[in-house]
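Just so it is clear: chains get the letters A, B, ... in the order the sequence lines come, proteins before strands, and each one is counted from 1.
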Amino acid sequence: MTEPSKEQDGKKTTLTTFNRVARYTLVRLITLFITVVIGVYLTVLIANMGGYVDEIRRGEIRETIQMRMLTDPTLRNLPADVRMKQMEEMIRLQEKYYGLDQPFVVRSVRFLKNALTLNLGRSLQLTSDSGSRQVRLILLERLPATLLLFGTADLVLFFLSLYLGLSLSRRYGSFWDKLTVALSPLSSAPGWFYGIFLIVLFAAVLKVLPFGGMVSIPPPDNPFLYALDLLYHMILPVMAITISSIFLSVYGNRTFFLIYSSEDYVEMAKAKGLKSRDVERRYILRPTLPTIITSFALLLIGLWTGAPIFETVFNWPGLGRTIYRAVGLFDTPVIVASTVIFAYLLAVTVFLLDFIYALVDPRVKVGGGQERAG
Amino acid sequence: MNSLSRTLRDLSQYPSAIVSLIIIVLMLVVSIGVVIAIPYKEAVRLWRGGELVWYQLPKTVPPAWTNYFRSRKLPDTIIVDTRQTPEIKSYEPSGDGRRIVIDIPIEYSYDEFPDELSLYFYTTQVTKPPFVAMRWEKPDGRDSRIADFSLQSTRQNYRFSQDPKLIQRLKGEEPQVALFAEPGSQPPVAVKGTYHLKIEILTFDADTDVDVEFLQYGKVYGLFGTDHLRRDLKVGLLWGLPVALLFGLAASLGTSILAMLIAAIGAWFGGWVDELIQRITEVNLVLPFLPILIMVGTFYSRSIFVILGVTILLSIFGGSIKSYRAIFLQVREMPYIEAARAYGASDGRIVVQYLIPRIIPLLVPALVTGIPSYVFLEASLAVLGLGDPVLPTWGKIIQDAEFNGALYKGMYYWVLEPSFLLMVTGLAFAVFGFSLDRIFNPRLRGI
């Protein structure tokens, strides 16, 4: 009697586990999607100033058409009321072409639908370097610049600070440890701020590095020289990012690892006489993995927004500056597109992280109730 | 009170904390002093005054103290006004009117030449225009004629460099150079000593009076230098301090206290309240923080108070709410909370009296450490050109400098002064916050 019942129990557990995970996944997906929808709709509203941008554009259309009518010699001889009528007709057609004949509420819902289906559409003012008005192309064209600078710098810094943090946690109280702690407040200033100092020092006074930009003008033809030129232009920005972030992140990692290495099981492992490398890998790094993965994932998607100010100071043609220019030109499609992609990236990451936690940390159960709250 | 003195005693263990606290207190005192000495309206009037307020100062010159580090001393800006120093002016009767003799001594001990020399004449009447004759006396006693003309308006300006006759007399050389130079030296060498600008004014009735303001636009000025609109950077840099402190303190205080309150309410009441707060936090996470601030600045208002409000609004539902909530959830289960509930304490009482005090040790350091990020946020927005349209702020000065190519033209003081002040402010709060964190959270102290 005992045997089959046990088997049944096992089946039941797998079934309930599956049910739990499936239900959790569904609920999570729905809530995340609603979150994205609300976030994107809010952005649509803000980027259109609640419909006021439409008024601005109607005014622009009226003005350009009036100007065109006034300067067109073929229309000058027509009687005033005919001209008037023709002008109104042209304005109406132009507004219809841009969809301005519909009320903003309707348009905003359409914007939302287009954004959510990643139908990014065409920009109003901005063009890509190849002259295209496709928002997709505009953003894709800028992505490599941002990825090159921030991707390289952030990834290197991330692993470097993990490594340094771990090695500092091993010998806390040493000179280097104290130095890191003492320097960590430097990270309260953003990268562009150090950028200004570095530009003054290396570009203006010493004249050894460029003020900004991504390549020399004209850019070198030879691919090897081009790459060298890129590196040459990246020295100052990477230095600025490093100064503004490395000390605090090393300090944070070191403190974080210290807290974990004071756990009883670590003492136990050490007492057993395990090699310190094994202790670090299996007893310190392993339980901290979810946190490390989270910050790594957030770092990756954070790259998407670029850094408008940093890119402005260094004249770096990245995504951040494009967004900033788009705002200045009331180019709502570009702003909304950037937001919706960020929102999707974030939602997917948040969703996946829950499962990754369960994979790397056996203590975590997917959808395992409220114990894990926080 | 007791815990405060204990905190202070603990703080005295950290020299860095003492230094940063002294700097913070000093900054608070200075900013109160600035606001009293230059009231808001006066600051805006000065900063937005334009040429009428700042006509006396040269454009984009570094501070005067930079001369200590220069081998060739740059001329300072000299302002002599007969209304303030009446002793250099004397009267003699002459016919129907009188002769006003003004002798302006100019101490010149510089190696370079000034940017420009200029005179303003203030006449009480011009119906019978007074007549002006000016002579220039060099340190060795030689003198030469500058110009003769009559005053046609009650405020008349005479610029040395724009008088074609004077330039002709000086054989085509720029007056502000030739007047101070050794004759025939090439390149011109400045002769040091006391020069005299002698002005004789003939009036044609007895009660006409003329005052003269002499301006030597130097190549350095004051403690902080000037910008492209001839403004003394002192005003902007001093007023930037209270603005930066106000923005940083208000944003950090508002954000952390509201976030804590909301987290406490959510954790205590649970259910749909908590759920709603969690969802809002997630939506807020999706919204792009900086682009929204840029949009608000571009579309709606660049007023510092609007930006402050939006910053707080967007920061409340940030990451801190999640960590506060986690702690509140733990605290909620503690026996003393159960005891409070047993004696019939109300929800509000439990939240305010029992939950929130538990989080103060975490909140205070986070609050202080958060101040620099908001100070720099304001500066960042200003660097993008979204600074407050009327108030002077450090970020706006940096932006002015960047926009006018200060770095390319070697006007480093213009960028470095506000940056240095930002750095000091940011570091002081960051260092102080870090020390507070070590005191309030002793778990990290040994570490």
Original post:
Going by atom types only, do B:Trp414 and B:Thr60 share a side-chain donor-acceptor pair under 3.5 Å?
Top reply: no
**OP:** With a 4.5 angstrom heavy-atom cut-off, could you sort out which part of B:Ser419 is near chain A: side chain, backbone, both or neither?
**Re:** both
Subject >> Contact winner vs chain B - A:Ser169, A:Ser338, A:Pro190, heavy-atom pairs under 4.5 Å >> reply: A:Pro190
Original post:
Tell me, side chain or backbone of B:Leu384 under 4.5 Å from chain A's heavy atoms, or both, or neither?
Top reply: both
**OP:** Under 4.5 Å heavy-atom distance to chain A, tell me which part of B:Ile294 shows up: side chain, backbone, both or neither.
**Re:** both
Original post:
Is it the backbone or the side chain of A:Ser188 that comes under 4.5 Å from a heavy atom of chain B, or both, or neither?
Top reply: both
Original post:
Do B:Val296 and B:Ser301 come close enough that some side-chain heavy atom pair is under 4.5 Å?
Top reply: no
Original post:
Salt bridge between A:Asp331 and A:Arg325, side-chain N to carboxylate O under 4.0 Å?
Top reply: no
Original post:
Thinking salt bridges, do A:Arg28 and B:Glu282 make one under a 4.0 Å N-O criterion?
Top reply: yes
Original post:
Between A:Tyr251 and A:Phe247, does the ring centroid distance fall short of 6.0 Å?
Top reply: no
**OP:** Might you point out which heavy atoms bring A:Ala115 and A:Val40 nearest each other, and give the distance in Å?
**Re:** CB-CG1, 4.0 Å
Original post:
Under the criterion salt bridge (Lys or Arg N to Asp or Glu O under 4.0 Å), which of B:Arg325, B:Arg332, B:Lys322 is the partner of B:Asp274?
Top reply: B:Arg325
Subject >> Segment of B:Ala267 engaging chain A (4.5 angstrom heavy-atom cut-off) >> reply: neither
Original post:
If you tally heavy-atom pairs under 4.5 Å against chain B, which of A:Ala326, A:Ala343, A:Pro185, A:Ala182 wins?
Top reply: A:Pro185
Subject >> Shortest non-hydrogen separation from B:Ile292 to B:Leu314 and the atoms involved >> reply: CG2-CD1, 3.7 Å
Subject >> Contacting moiety of B:Phe299, where chain A heavy atoms sit under 4.5 Å >> reply: both
Subject >> Which atoms of A:Ile301 approach chain B - backbone, side chain, both or neither, heavy atom under 4.5 Å >> reply: neither
**OP:** Could you have a look at A:Ser184, A:Gly173, A:Gly328 and say which one has the most heavy-atom pairs with chain B under 4.5 angstrom?
**Re:** A:Ser184
Original post:
At what distance, to the nearest 0.5 angstrom, does CG of A:Leu166 lie from OG1 of A:Thr288?
Top reply: 8.5 Å
Original post:
chain A heavy atoms under 4.5 Å from B:Val383: which part of the residue, side chain, backbone, both or neither?
Top reply: side chain
Original post:
Got a second to check how far B:Thr393's OG1 is from B:Leu241's CG, nearest 0.5 Å?
Top reply: 12.0 Å
**OP:** Check whether B:Val431 gets within reach of chain A through its side chain, its backbone, both or neither, counting any heavy atom under 4.5 Å.
**Re:** both
**OP:** Check whether B:Leu285 gets within reach of chain A through its side chain, its backbone, both or neither, counting any heavy atom under 4.5 Å.
**Re:** both
Original post:
Just wondering, are more than 12 heavy atoms of other shown residues or ligands nearer than 6.0 Å to CZ in B:Phe269?
Top reply: yes
Subject >> Region of B:Ile371 in contact with chain A, defined by heavy-atom distances below 4.5 Å >> reply: neither
**OP:** Quick one: which of B:Tyr300, B:Phe376, B:Phe434 has the most heavy-atom pairs under 4.5 Å with chain A, could you say?
**Re:** B:Phe376
**OP:** Would you please classify the geometry between the A:Phe193 ring and the A:Phe197 ring as parallel, tilted or perpendicular, with 30° and 60° separating the classes?
**Re:** perpendicular
**OP:** Would you mind checking which part of A:Leu345 comes under 4.5 Å of any heavy atom in chain B, side chain (CB onward), backbone (N, CA, C, O), both or neither?
**Re:** neither
Subject >> Atom group of A:Ile46 that falls short of 4.5 Å from chain B, counting heavy atoms >> reply: both
Original post:
Is it the side chain or the backbone of A:Ala47 that comes within 4.5 Å of chain B heavy atoms, both, or neither?
Top reply: both
Original post:
So which part of A:Val350 gets closer than 4.5 Å to some heavy atom of chain B, the side chain, the backbone, both or neither?
Top reply: neither
Subject >> B:Thr66 and B:Tyr413: side chain donor to acceptor below 3.5 Å >> reply: no
Original post:
Is chain B contacted by the side chain of A:Tyr194, its backbone, both, or neither, given a heavy-atom distance below 4.5 Å?
Top reply: side chain
Original post:
Which bit of A:Ile199 is near chain B, if near means a heavy-atom gap under 4.5 Å: side chain, backbone, both or neither?
Top reply: side chain
